[in-house]
A.B. asks: 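If you scroll down you'll find the structure; I have some questions about it.
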Number of protein chains: 2
Amino acid sequence: MRILIVEDEPTLGRQLKTTLEQNGYAVDLSVDGEDGHFMGSSEDYDAVILDLGLPEIDGLTVLGMWRKEGRKFPVLVLTARDSWSDKVAGLDAGADDYLAKPFQTEELIARLRALIRRASGNSSSELIAGDVRLDTRSGRVTLNGEPVKLTAQEYKLLSYLLHHKGKVVSRTELIEHIYDQDFDRDSNTIEVFVTRIRKKLGPDVITTIRGLGYSLDDPAQPKRG
Amino acid sequence: MRILIVEDEPTLGRQLKTTLEQNGYAVDLSVDGEDGHFMGSSEDYDAVILDLGLPEIDGLTVLGMWRKEGRKFPVLVLTARDSWSDKVAGLDAGADDYLAKPFQTEELIARLRALIRRASGNSSSELIAGDVRLDTRSGRVTLNGEPVKLTAQEYKLLSYLLHHKGKVVSRTELIEHIYDQDFDRDSNTIEVFVTRIRKKLGPDVITTIRGLGYSLDDPAQPKRG
DNA sequence: CCTCGACGATCAGGATACGCATTCGCGGCT
DNA sequence: AGCCGCGAATGCGTATCCTGATCGTCGAGG
């Protein structure tokens, strides 16, 4: 899952980035409205954390522009504390959730998780496909109830596929969502990790669609839609 | 476990802080309502001790603001004398327990412990995982019934993990809950203490989740959810 | 049915980051 | 003064990651 943080205060921004990365997200950080808007428009994020109190362009404006451009990623808005009007305005402008500064990092993580979950249409914190279960809260994966040890990258890849169950996901899309901005696109890491996941969870979990990418289907309600 | 004390009277505040620290808590002290409210909103506490008789902003107001903001930590309210009305008002405003001044520090400790225990969903004062037992009342730890001597920090770390059994706890989270406000986040103390605990309790008590943190699982009811 | 090209899977190597153990100096407590 | 726990620094071992090369497979066209 790839996140964009638009936050002008460098200290807070860095800290957030670090925290999120420790929680398994790929994070890009932008320090002003213009750059933030550009990045949100050009890259594909799974969620955006947006500070409203930005210099130059206001956060609300940026949010409005994104929505006008048709960007659909969920946006979590940060506002200075107690500014009730900002909250209303933010939600009006298309924010999906709202958090007042100061906030607790754990709460931010929780809300972010909820946001991404909602965006992918899941209601539980457990993602399930066939015999495979992934709990986003505890970061655990089980196969037929047996715990399976996945490495960080394997987990990210599997998690992304599960969030887009049934959809064909291209290699490029995977790279863009698992790694942050600067990463060599001509690399076969994705294939390598797919192989590894298949070794651990069985060969049928991930289906290859030749020339297009990969797909993860739920045999519970499979062919014949 | 990290505690916030909001108490305007400096002598009592300091004394409480010292006492609690001697009992193994990481303690932040705030001397007025505004600052106290800010700290409770921005940091992650496991419990808060709140004096109602504050200058500037009233304790009840602070409590109300926290609850409105969605802060969930348990709050132990201190009131002057036996003012019944204050008690009622406090509980109404979202306090979890109540203690009239003057009080015995021992009683305060006991109630605090109960509060934290309840908040983490445990009903007993004993935390158990596998062969390890930790009694929060006596501060004793046993391995297969044999008493084990842990140092203060080792105890805090183990206790926090036990309170969050089954969840993956990041290094950051551990630092935030074991130490008080100002502490170097880039430090390897957590790893050091994990090592030391493993030496005393066996290598399998604490599981490492590479890249994410640590986790403590209960082998008593593991496989087959 | 066979061949060939393109794409994907797999393997092995080296680089790296991460966690672990150990050491050491500081400071508080006895 | 001596002991002990704490936390910083250091070096080591290894899981994990990425790269590049090779092998396998699918599918189209002859």
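Fair warning: this is a prediction, and the values are worked out from it, not measured in the lab.
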A.B. asks: With heavy-atom distances below 4.5 Å as the criterion, would you say the side chains of B:Thr136 and B:Leu134 are in contact?
C.D. replies: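 SC-SC contact between B:Thr136 and B:Leu134 confirmed.
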A.B. asks: Which part of the nucleic acid, if any, lies within reach of B:Arg196 when heavy atoms closer than 4.0 Å are counted: base, sugar-phosphate only, or nothing?
C.D. replies: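 Counting heavy atoms under 4.0 Å across all strands, the contact made by B:Arg196 includes a base.
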A.B. asks: Quick one: pull up OG1 in B:Thr19 and CG in B:Leu112 and give me the separation to the nearest 0.5 Å.
C.D. replies: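 Answer for the OG1-CG pair, B:Thr19 versus B:Leu112, is 11.5 Å.
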A.B. asks: Quickly work out the A:Ile175 CD1 to D:dC17 C1' distance and round it to whole Å.
C.D. replies: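 Going from A:Ile175 (CD1) to D:dC17 (C1'), I get 13 Å.
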A.B. asks: Both B:Arg210 and A:Glu191 contact DNA chain C. Which one's nearest nucleotide lies toward the 5' end?
C.D. replies: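 Comparing both residues, the 5'-ward one is A:Glu191.
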A.B. asks: At 4.0 Å (heavy atoms only), tell me whether B:Thr208 reaches a base, stays on the sugar-phosphate, or touches nothing.
C.D. replies: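 Result for B:Thr208 = sugar-phosphate.
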A.B. asks: Taking side chain to side chain contact (heavy atoms under 4.5 Å, CB included) as the criterion, tell me which of B:Thr105, B:Val27, B:Leu29 meets it with B:Leu20.
C.D. replies: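 Answer to the side chain to side chain contact (heavy atoms under 4.5 Å, CB included) test with B:Leu20 among B:Thr105, B:Val27, B:Leu29: B:Val27.
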A.B. asks: Please give, in whole Å, the distance from D:dC4 C1' to B:Phe193 CZ?
C.D. replies: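 Taking CZ of B:Phe193 and C1' of D:dC4, I get 12 Å after rounding.
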A.B. asks: Base, sugar-phosphate, or nothing for B:Lys156, non-hydrogen atoms under 4.0 angstrom?
C.D. replies: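 It contacts nothing in the nucleic acid.
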A.B. asks: Nearest-nucleotide wise, let me know which of B:Phe183 and A:Ser187 is further upstream toward the 5' end of DNA chain D.
C.D. replies: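 Closest to the 5' end, via its nearest nucleotide, is B:Phe183.
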A.B. asks: Where each residue is assigned the nucleotide of DNA chain D containing its nearest heavy atom, which of B:Ala152 and A:Asn188 is assigned the position nearer the 5′ end?
C.D. replies: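 The residue closer to the strand's 5' end, by nearest nucleotide, is B:Ala152.
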A.B. asks: Could you tell me whether A:Gln153 contacts a base, only the sugar-phosphate backbone, or nothing, with contacts defined as non-hydrogen atoms closer than 4.0 Å?
C.D. replies: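 Counting heavy atoms under 4.0 Å across all strands, the contact made by A:Gln153 is with sugar-phosphate only.
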A.B. asks: When we call it a touch if two heavy atoms are under 4.0 Å apart, what does A:Val192 touch: a base, just sugar-phosphate, or nothing?
C.D. replies: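 Result for A:Val192 = base.
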